Amino acid sequence: MTKTEVLAEALTAYSVGDPAKAADLAGRAGSTLGAELRRYLTEGGGGPVYDQPAAFTAFIRGGGNVKLYRKLSEALARRYGSVGSLLDLGCGDGLAVVPALEQADRQPGRIDLVEPSSALLAETRKHLDGTHGLHTWEATAQEFLARDDDRQWQLTQSTFALQSIPTAERTEVLRALRPRTSCLVLAEFDVPEYDEESAEYVLSLVTRYERGISEYGRDASLVAQGFLLPILLGLVKPGADRTNWEQPATDWASQLKDAGFTGIRIEPLADYWWSPAVLITAS
């Protein structure tokens with residue numbers, strides 16, 4: 001068997017409740033992912049995904065994310081010069097919006113940033129201190145759009161954030177947003193469509209995660225143990241709590257259409273180890 005097939009067997013063993021067999025198979029794979037998986041399963045890994053802030057920081061600001069967010073910020077900045085108002089749903093710590101605003105020829109006159117995490121929102125505010133027309137909201141997209149307020153925006157963006165809303169609930173968020181924005185830009189991953197019970201899905205996971213971990217060099221173990229492996233094992237563990245609901249780009253387009261958006265366009269943004277990143281624009 002190839003190392004990919006051995007790793008797939010390891011994940012399958014874990015999924016049926018045999019972590020010892022999974023660790024043994026992972027150790028035989030002869031790969032970076034295999035070595036990290038074996039260590040994780042034998043040394044007591046299993047904390048929450050965000051349990052090690054240093055691991056998430058190393059992940060999001062290293063590897064393929066460097067190129068991805070550079071391209072994303074450049075693409076967003078090009079749109080800002082012609083709009084007077086901007087809404088960002090799920091801005092996080094500002095990794096996309098802050099550089100975009102810094103690069104823009106002209107900043108929007110009003111900027112509303114929405115983020116449910118107080119810590120991440122504080123980080124964004126710190127970077128944008130003194131920005132004219134800045135308003136920040138500690139809220140989910142659902143909470144923000146349910147406010148008794150008829151404000152509208154020329155441009156709304158959401159970068160890898162709306163995937164964290166369950167699919168049916170997300171349609172209602174998009175319906176609430178549609179009459180309040182002239183243009184919507186989403187950055188998302190064009191994930192492949194697999195039957196999550198299939199062997200092909202498991203093979204795809206190990207192939208992609210092997211590539212992802214290999215991008216981090218000296219930080220590979222930190223990123224793997226503290227962030228990527230908890231996510232990977234959560235994808236194959238029956239009954240695990242989901243944290244996102246990704247879908248192919250064409251499904252995003254269909255969902256936007258169902259919510260009443262028109263002029264929907266999908267364009268490539270960047271190659272990425274998990275799946276190609278795309279920009280989806282709608283009006």
Side-chain angles (χ1 to χ4, degrees), residues 59-108 111-114 141 152-165 167 170-171 173-194 204 207-208 211-212 215 244-283:
F59 166 73
I60 200 66
R61 299 190 182 277
N65 284 308
V66 175
K67 177 183 176 182
L68 171 62
Y69 277 88
R70 174 172 52 79
K71 285 181 170 289
L72 175 56
S73 294
E74 290 171 353
L76 294 174
R78 289 193 292 270
R79 289 166 163 81
Y80 293 170
S82 60
V83 300
S85 53
L86 169 69
L87 170 65
D88 188 333
L89 294 174
C91 67
D93 67 353
L95 189 57
V97 69
V98 170
L101 289 169
E102 291 172 347
Q103 295 171 43
D105 292 335
R106 183 176 68 86
Q107 293 187 357
I111 303 166
D112 288 281
L113 305 181
V114 179
Q152 297 183 347
W153 295 268
Q154 286 183 278
L155 175 64
T156 297
Q157 67 184 39
S158 187
T159 56
F160 310 112
L162 292 189
Q163 60 179 255
S164 65
I165 301 174
T167 307
R170 186 165 62 216
T171 300
V173 169
L174 292 171
R175 284 200 181 108
L177 179 63
R178 185 198 57 76
R180 302 180 65 179
T181 189
S182 300
C183 180
L184 172 64
V185 177
L186 303 179
E188 287 293 345
F189 295 113
D190 186 12
V191 295
E193 194 163 22
Y194 286 104
S204 172
T207 299
R208 288 183 281 163
R211 177 187 171 191
E215 293 181 352
N244 58 47
W245 287 261
E246 292 181 295
Q247 58 190 3
T250 52
D251 287 358
W252 279 102
S254 296
Q255 190 169 32
L256 287 165
K257 184 178 179 180
D258 290 344
F261 284 90
T262 60
I264 301 164
R265 186 173 74 254
I266 301 169
E267 55 187 303
L269 176 63
D271 182 34
Y272 191 72
W273 66 267
W274 175 238
S275 292
V278 295
L279 281 182
I280 307 168
T281 305
S283 55

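What you see is a predicted model; the values in this text were computed from it and never measured.
- Heavy atoms only, all atoms of each residue included: Ile165 and Trp245 are closest at C-CE3, 3.8 Å.
- Within the model, atoms CG of Leu101 and CG of Leu113 stand 7.5 Å from one another, a figure rounded to the nearest 0.5 Å.
- Rounded to the nearest 0.5 angstrom, Asp251 CG and Glu246 CD are separated by 12.0 Å.
- Atom CD of Glu193 is surrounded by 12 or fewer heavy atoms from other residues, nucleotides or ligands within 6.0 Å.
- The CZ atom of Phe261 sits 8.5 Å away from the OG atom of Ser283 when rounded to the nearest 0.5 Å.
- Donor-acceptor pairing under 3.5 Å is lacking for the side chains of Gln103 and Glu74.
- Contact annotation: the side chain of Phe160 never approaches that of Leu186 to less than 4.5 Å [non-hydrogen atoms, C-beta and beyond].
- Using a 4.5 Å heavy-atom cutoff, the side chains of Leu174 and Leu256 are in contact.
- In this structure, Gln154 contributes its side chain and Gly84 its backbone to a donor-acceptor pair below 3.5 Å.
- Listed here is the closest heavy atom pair of Pro192 and Ser275: CD-OG, 3.3 Å.
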Test side chain to side chain contact (heavy atoms under 4.5 Å, CB included) on Thr181 and Leu87; report intermediate values, then the result. CA-CA 9 Å; Thr181 189; Leu87 170 65; over 6 Å; no

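- Cation-pi contact between Arg170 and Trp252: present, with separation from the ring centre below 6.0 Å and deviation from the ring axis of at most 45°.
- Under 3.5 Å, the side chains of Gln255 and Thr171 contain a donor-acceptor pair of N or O atoms.
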For a side chain to side chain contact (heavy atoms under 4.5 Å, CB included) check, start with the C-alpha distance between Asp88 and Val114, then their side-chain angles and the critical distance, and finish with the verdict. CA-CA 6 Å; Asp88 188 333; Val114 179; over 6 Å; no

Between Thr159 and Glu188, is the side chain to side chain contact (heavy atoms under 4.5 Å, CB included) condition met? List the steps. CA-CA 7 Å; Thr159 56; Glu188 287 293 345; over 6 Å; no

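- What you find for Ser73 and Ala96 is that their closest heavy atoms are OG-O, 2.9 Å.
- A distance-only check finds a donor-acceptor pair linking the side chain of Ser164 to the backbone of Ala161 [under 3.5 Å].
- Minimum heavy-atom separation, Ala75 to Arg79: O-NH1, 3.1 Å.
- A distance of 5.0 Å separates OH of Tyr80 from CG of Leu86, quoted to the nearest 0.5 Å.
- With rounding to the nearest 0.5 Å, the separation of OG in Ser82 from CG in Leu155 is 8.0 Å.
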Evaluate the side chain to side chain contact (heavy atoms under 4.5 Å, CB included) criterion for residues Leu89 and Leu177: first the C-alpha distance (whole Å), next the side-chain angles of each, then the deciding distance (0.1 Å), finally the verdict. CA-CA 10 Å; Leu89 294 174; Leu177 179 63; 4.2 Å; yes

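- Checking side-chain atoms of Asp190 against main-chain N and O of Ala249 turns up a donor-acceptor pair under 3.5 Å.
- Gln157 CD to Cys183 SG: the interatomic distance, rounded to the nearest 0.5 Å, is 10.5 Å.
- For the 3.5 Å distance criterion, the side chains of Tyr272 and Asn65 qualify, holding a donor opposite an acceptor.
- Across all non-hydrogen atoms, the minimal contact from Leu269 to Lys71 is O-CD, 3.3 Å.
- A salt bridge links Arg211 and Asp271; the closest N-O separation between the charged side-chain nitrogens and carboxylate oxygens is under 4.0 Å.
- The closest side-chain heavy-atom distance from Arg61 to Leu95 is below 4.5 Å.
- Residues Trp153 and Val83 have side chains not in contact (no heavy-atom distance under 4.5 Å, counting atoms from C-beta outward).
- Using bins of under 30°, 30° to 60° and over 60° for the plane-to-plane angle, the ring pair Trp273/Phe59 lands in the perpendicular bin.
- For the residue pair Ala253 and Ile264, the shortest heavy atom distance occurs at O-CD1, 3.4 Å.
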